[in-house]
S.K.: 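What follows is a single structure, and I will ask about it in a moment.
Values below: every heavy atom of this structure, side chains too, minus hydrogens, waters and symmetry copies. A, B, ... follow the sequence lines: proteins, then strands. Residue 1 opens every chain.
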Number of protein chains: 2
Amino acid sequence: MSEVVEQSAEPGTERGGPPDAFDVFSRNCPSRATLEHVTGRWGILTLTALAHDTLRFNALRRRVDGVSEKMLSQTLQALERDGLVIRDAQPVNPPHVEYRLSPLGRETTDRLLALITLVEDRMPDVLAARGRYDEARGTG
Amino acid sequence: MSEVVEQSAEPGTERGGPPDAFDVFSRNCPSRATLEHVTGRWGILTLTALAHDTLRFNALRRRVDGVSEKMLSQTLQALERDGLVIRDAQPVNPPHVEYRLSPLGRETTDRLLALITLVEDRMPDVLAARGRYDEARGTG
DNA sequence: CGGCATCCGTGACGATACTG
DNA sequence: CAGTATCGTCACGGATGCCG
């Protein structure tokens, strides 16, 4: 396995800092890594896709437009490892595996959803801002 | 300029879809790009750093541990272009440039903060889950 | 101080093929 | 169906140097 999302190699994990040691601003804080799993390109979409339903691998793949098999697999593993996603595998043939959110995953996804909703709602503003910015540069 | 965050090259922007056309799930939706600016590794941290204060470039750089000059510059440009960050440049010598959140940027950052707070709070759970996951693989 | 341009390595990512 | 293994690319991102 030459390519892994992140094994337990967090160097600064055991530095035993103060109680608020999980501040994302420091380079080696594990919360930074988790935050990146959650907010990573595929992390966001995967969690959001699981917000309402329990889904199987390929259903998820269809839902998250553009994700490759590999990246979905990787993303799911990272999220499962962080305890945000639960993997239910039934050893039947053909294999039947379902993914769903854990309680913590649900909480996280709720906040994510709040963010996404805002961004989607305000896209007209964003697009307008982009237009202004580009014009101020392109035209002079 | 061979390396650019993203110019106006969004291919699916003008497809004139339905009102809810800003669904992040479709590959070519501009909201997906904006979401990635916001939730990108440096986007999150930059916005969060600006949550409370107006900051100058190098102050920001010190605050966001590990960011390179180049990435901070790129990130700020993307966020400014999307209308989330406002750049105040005073043409004095030495140059004095300040960055602050726009109203939309503030709204966005508030939601981001809610997410970050949750993740930081729950890091013990995450770490425990990781421990269980790793053990179930390494040992069993 | 606040940038921008250039060079360049690394690894994230996608496509494909294979397994159970 | 649900993945894992392998390989190639390319653009993300760091280091450096220059300019206003």
S.K.: Take the protein atom CH2 of A/W42 and the nucleotide atom C1' of C/dA12, then report the distance between them rounded to whole Å.
M.R.: 12 Å
S.K.: Determine: side-chain N/O of A/S73 to OP1/OP2 of D/dT4, distance under 4.0 Å, yes or no.
M.R.: yes
S.K.: Could you tell me whether the phosphate oxygens of D/dC1, OP1 or OP2, come under 4.0 Å of any side-chain nitrogen or oxygen in A/R61?
M.R.: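 So the side-chain polar atoms of A/R61 never come under 4.0 Å of the phosphate oxygens OP1 or OP2 of D/dC1.
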S.K.: Mapping B/S68 and A/F57 onto DNA chain D by nearest heavy atom, which one lands closer to the 5' end?
M.R.: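 The residue whose closest nucleotide sits nearer the 5' end is A/F57.
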S.K.: Looking only at N and O atoms, is any donor in the side chain of B/E69 or the base of C/dC1 less than 3.5 Å from an acceptor on the other one?
M.R.: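 It does not, because no donor-acceptor pair links the side chain of B/E69 to the base of C/dC1 below 3.5 Å.
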S.K.: Given atom CD of A/E36 and atom P of C/dG11, what is their separation to the nearest angstrom?
M.R.: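 Computing the A/E36:CD to C/dG11:P distance gives 15 Å.
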S.K.: Provide, to the nearest angstrom, the distance between the CZ atom belonging to B/R41 and the C1' atom belonging to D/dG14.
M.R.: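 Computing the B/R41:CZ to D/dG14:C1' distance gives 11 Å.
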S.K.: List in numerical order all residues of residues 82-99 of chain B for which some heavy atom is under 4.0 Å away from an atom belonging to DNA chain C.
M.R.: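 Nucleic-acid contacts, sorted: B/R87, B/P95, B/V97, B/Y99.
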S.K.: When you get a sec, tell me which of D/dA2, C/dG14, C/dT6 is the closest nucleotide to the side chain of A/N58?
M.R.: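 Nearest listed nucleotide: D/dA2.
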S.K.: Would you please test B/F57 and B/L76 for side-chain contact (heavy atoms from CB on, under 4.5 Å) and show each step?
M.R.: CA-CA 9 Å; B/F57 189 86; B/L76 284 168; 4.0 Å; yes
S.K.: Would a distance-only check, ignoring hydrogens and angles, find a side-chain to backbone donor-acceptor pair under 3.5 Å from A/T39 to A/L35?
M.R.: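 Yes: the side chain of A/T39 pairs with the backbone of A/L35.
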S.K.: What is the distance, to the nearest angstrom, from the CG atom on B/L55 to the C1' atom on C/dG2?
M.R.: 14 Å
S.K.: I need the NZ-C1' distance between B/K70 and C/dT10, as an integer number of Å.
M.R.: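 Taking atom C1' of C/dT10 as the reference, NZ of B/K70 is at 13 Å.
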S.K.: Just wondering, do B/H37 and B/L84 contact through their side chains at under 4.5 Å, heavy atoms?
M.R.: no
S.K.: Name the residue from B/E69, B/K70, B/Q77 that meets the side chain to side chain contact (heavy atoms under 4.5 Å, CB included) definition with B/S73.
M.R.: B/Q77
S.K.: Is any side-chain nitrogen or oxygen of A/R56 closer than 4.0 Å to OP1 or OP2 of D/dA2?
M.R.: yes
S.K.: Side chain of A/T54, backbone of A/E98: donor and acceptor closer than 3.5 Å?
M.R.: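 No.
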S.K.: Ignoring backbone atoms, test whether B/Q77 places a side-chain nitrogen or oxygen under 4.0 Å from the OP1 or OP2 oxygen of C/dG3.
M.R.: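 For C/dG3, neither OP1 nor OP2 has a side-chain N or O of B/Q77 closer than 4.0 Å.
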S.K.: Checking the side chain of B/E120 only, and the main-chain atoms of A/V24 only, is there a donor and an acceptor separated by less than 3.5 Å?
M.R.: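 Indeed, once roles are kept as given, a pair shorter than 3.5 Å links the two residues.
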S.K.: Of B/T109, B/L60, B/L45, which is the lone residue that meets side chain to side chain contact (heavy atoms under 4.5 Å, CB included) with B/L50?
M.R.: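 The side chain to side chain contact (heavy atoms under 4.5 Å, CB included) with B/L50 is passed solely by B/L60 among B/T109, B/L60, B/L45.
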S.K.: Please state how far atom CD in A/Q74 lies from atom P in D/dT6, giving the value in whole angstrom units.
M.R.: 15 Å
S.K.: Please state how far atom NE2 in B/H37 lies from atom C1' in D/dC12, giving the value in whole angstrom units.
M.R.: 13 Å
S.K.: Atom CE of B/M71 and atom C1' of C/dC4: how far apart are they, to the nearest Å?
M.R.: 14 Å
